[in-house]
Amino acid sequence: RKRANIAVQLISDPAVLFLDEPTSGLDSFQAQAVMDAMKTMAVNGRLVVSVIHQPRSSIFSSFDKLLLLSEGRTIYIGEAAQALEYFSNAKFAMHKFYNPADFFLDVLSPDSRTPELDALAQSRIRMLADRWDENTKDKELFSSRASEALSFVPSNPITFKRFIRNLGILFWRSFSELSRDHVVIGFKCVLSTFFACIIGAMYNNIADDQASVYNRQGLLFIVVINQGFNNVIATATTFPKEKVIVNRERATGAYDTVSYFFAKFFAELPINLIPGLIFGTILYWIVDLNNDRFGEFIGILLLEIVTAISLGLAVSAVSPNPEIATAIAIPCMIIPLLFGGFYINLDSLPIVANWVPYASFIRWSFQSFIINEFEGETFKCSGGSTSQCLSTGSDVIRSLSFENQSLRRSILGLGSCTMVFLLCAVIFLMNNRLTFMPMNHIGRNIKGLALKKNAASSDQSDISAKAEEGR
């Protein structure tokens, strides 16, 4: 697990890598392999800072700098190769053939076995810490070198090549995670087949009389609602479920937001398009809709599914957890449903609400299906009266206030909704990430406090000087 965590951090090629006991739980050989990899990174210009736990001598010898702490105090900072000489000068010489790491632990560890041993260890640690505090020259030298090392942060911009690589890797990961759940995929396909057969049986063999006109309208609106709700709800919880892992990976710069989002989007498409394709194909031929426009029907259905997925991802991106995502998704479907053009004639809407249908993907989907199904068709009028008869497809389209629309414009409106939903999802996802307080403010505050302190000291000196003159 530790090696996997290190590998995840290495994806972004970090300039500085902090490791907390990377060799704990590993055998001697594996620990050496991990630290050899870290040494290679350091040699190639990266700064690797590691807390190490009981390293073997070969691992200890690979460190360039060494920081020793005990009881919260600094004992030594400097070249690792010179640490033994420093301790030897302090009258703590290491025995021959002894592991330096074990030697430092023996010297610097508190010993609470008896009061006498504890007092001796505390005295030894205090003496070594005081001795180091006196070596200000060595500390300043190390601090200057550390500052130089930390000031070098190589740029790691998002290039097109890196974007495509991230997109491919993230798509493979997302699709593998979704496609391995065969039970869920199979259940979706079976459920789509079941509903297609049930709905198809209800509207079987639609004729060309006046009753069939309203039956076709109802059927097409059911298709729109079914695919809209299914795919919005199915994708609304996508991002909240991965929030912890994704925020951690994005915070380390493993990948950019755009590549992650579109990888999830493309991974969701086949998982949700296949059940919709099964549903539309079975339903179309059972009901026997317009035989010449099957391809257009399936194309509109798939485009609606893509739009619903986009809306679901937008809801998912703005939601902090799955429960809130589900709660937001319901009104995001109900409002477009009310302005879809089936429950209310769009020409009868109040002026303040005239714009709402243009933002309703349900309206554009329903309008596309209606135009595709009725355009150019003729129907029989029952009885002798023809005043209320919808004898042509144009009459049906006019009755729904779609007469000034075309199939191309309807598909364009549906595609525009898709683009807007995707853009909103990306923006929401980019803003819904971990943020950290910048560190440079600390330096400014310290500097400001130092200036205030110097000014106060100067003022105090001036007051003292004037007091002396007064005397």
Side-chain angles (χ1 to χ4, degrees), residues 167 170-171 173-175 177-179 181 184-185 187-189 191-192 195 221-243 245-247 257-280 300-340 356 359-366 368 413-433:
L167 181 64
L170 292 170
F171 171 78
R173 184 178 75 172
S174 300
F175 185 75
E177 180 183 0
L178 292 172
S179 60
D181 200 346
V184 173
I185 297 175
F187 181 75
K188 284 184 176 181
C189 294
L191 201 61
S192 296
F195 276 112
F221 199 69
I222 288 175
V223 171
V224 172
I225 295 175
N226 178 272
Q227 295 305 305
F229 263 100
N230 285 349
N231 291 283
V232 169
I233 299 300
T235 55
T237 59
T238 298
F239 296 127
K241 292 188 296 186
E242 302 178 352
K243 182 178 180 180
I245 297 175
V246 172
N247 279 341
T257 303
V258 178
S259 60
Y260 166 71
F261 172 78
F262 281 102
K264 293 296 295 183
F265 174 68
F266 291 130
E268 291 282 352
L269 287 182
I271 303 299
N272 292 280
L273 287 176
I274 292 175
L277 182 63
I278 295 173
F279 174 84
I300 296 170
L301 182 66
L302 296 182
L303 182 56
E304 186 205 354
I305 294 173
V306 173
T307 308
I309 292 173
S310 304
L311 177 58
L313 292 178
V315 171
S316 180
V318 79
S319 304
N321 55 61
E323 291 76 17
I324 293 180
T326 304
I328 295 176
I330 294 175
C332 286
M333 279 298 304
I334 296 298
I335 295 175
L337 185 66
L338 295 177
F339 293 88
V356 181
S360 170
F361 81 98
I362 296 292
R363 174 263 177 103
W364 293 114
S365 301
F366 181 55
S368 300
L414 193 56
S416 299
C417 289
T418 304
M419 294 297 104
V420 172
F421 293 154
L422 290 176
L423 179 61
C424 291
V426 172
I427 294 174
F428 293 152
L429 195 61
M430 292 179 69
N431 293 327
N432 189 13
R433 63 182 301 171

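Note that the numbering runs from 1 along the sequence shown for the chain. As the structure is a prediction and not an experimental result, all values here were calculated from the model.
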Exercise for review: Go through the steps to decide whether F279 and K188 satisfy the test side-chain contact (heavy atoms from CB on, under 4.5 Å), and finish with yes or no.
Suggested key: CA-CA 10 Å; F279 174 84; K188 284 184 176 181; over 6 Å; no
**Request:** Could you walk me through whether L273 and V306 pass the side-chain contact (heavy atoms from CB on, under 4.5 Å) test, one step at a time?
**Result:** CA-CA 8 Å; L273 287 176; V306 173; 4.2 Å; yes
- request: Output, in order, the C-alpha distance, side-chain angles, deciding distance and verdict of side-chain contact (heavy atoms from CB on, under 4.5 Å) for D181 and F187.
  value: CA-CA 10 Å; D181 200 346; F187 181 75; over 6 Å; no
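Looking at heavy atoms from C-beta onward, L422 lies out of side-chain contact with V426 at the 4.5 angstrom threshold. Between I225 and I362 the shortest side-chain heavy-atom distance does not fall below 4.5 Å. Under the 4.5 Å side-chain criterion, counting only non-hydrogen atoms from C-beta, V258 is not in contact with L167.
Side chain of N231 to backbone of Q227: a donor-acceptor contact under 3.5 angstrom is found. When atom types are taken as modelled, the side chain of S360 and the backbone of P336 share a donor-acceptor pair closer than 3.5 angstrom. Counting only distance, with no hydrogens or angles, the side chain of T238 and the backbone of T235 share a donor-acceptor pair below 3.5 Å.
Contact between V315 and A236 at its shortest, heavy atoms only, is CG1-CB, 4.3 Å. Closest approach of A263 to S174, counting heavy atoms only: O-CB, 4.4 Å. The heavy-atom pair separating S365 from I300 by the smallest distance is O-CG2, 4.2 Å. The shortest non-hydrogen separation linking A317 to A425 is CB-O, 3.5 Å. When all heavy atoms are compared, the tightest approach of A329 to V232 is CB-CG1, 4.0 Å.
Classified by interplanar angle (parallel below 30°, tilted 30° to 60°, perpendicular above 60°), the ring pair F239/Y260 is tilted. Between F175 and F171, the ring-plane angle classifies as parallel under the 30° and 60° cut-offs.
Residue L191 holds its CG atom at 7.5 Å from CG of N230, rounded to the nearest 0.5 Å. Here CG of L311 is found 9.5 Å from SG of C424. Values are rounded to the nearest 0.5 Å. Here the CD1-CG distance, from I309 to N272, works out to 4.0 Å after rounding to the nearest 0.5 Å.
Every pair passing salt bridge (charged side-chain N to carboxylate O under 4.0 Å, His left out) that includes a residue from residues 257-273 is listed here, sequence neighbours excluded: E242-K264. Residue pairs satisfying the side-chain hydrogen bond (donor to acceptor under 3.5 Å, both in side chains) criterion with at least one member in residues 331-340, sequence neighbours excluded, are absent. Applying the side-chain hydrogen bond (donor to acceptor under 3.5 Å, both in side chains) test to every pair with at least one member in residues 302-328, sequence neighbours left out, gives these pairs: T307-T418.
Heavy atoms of other residues, nucleotides or ligands lying less than 6.0 angstrom from CZ of F229 number more than 12.
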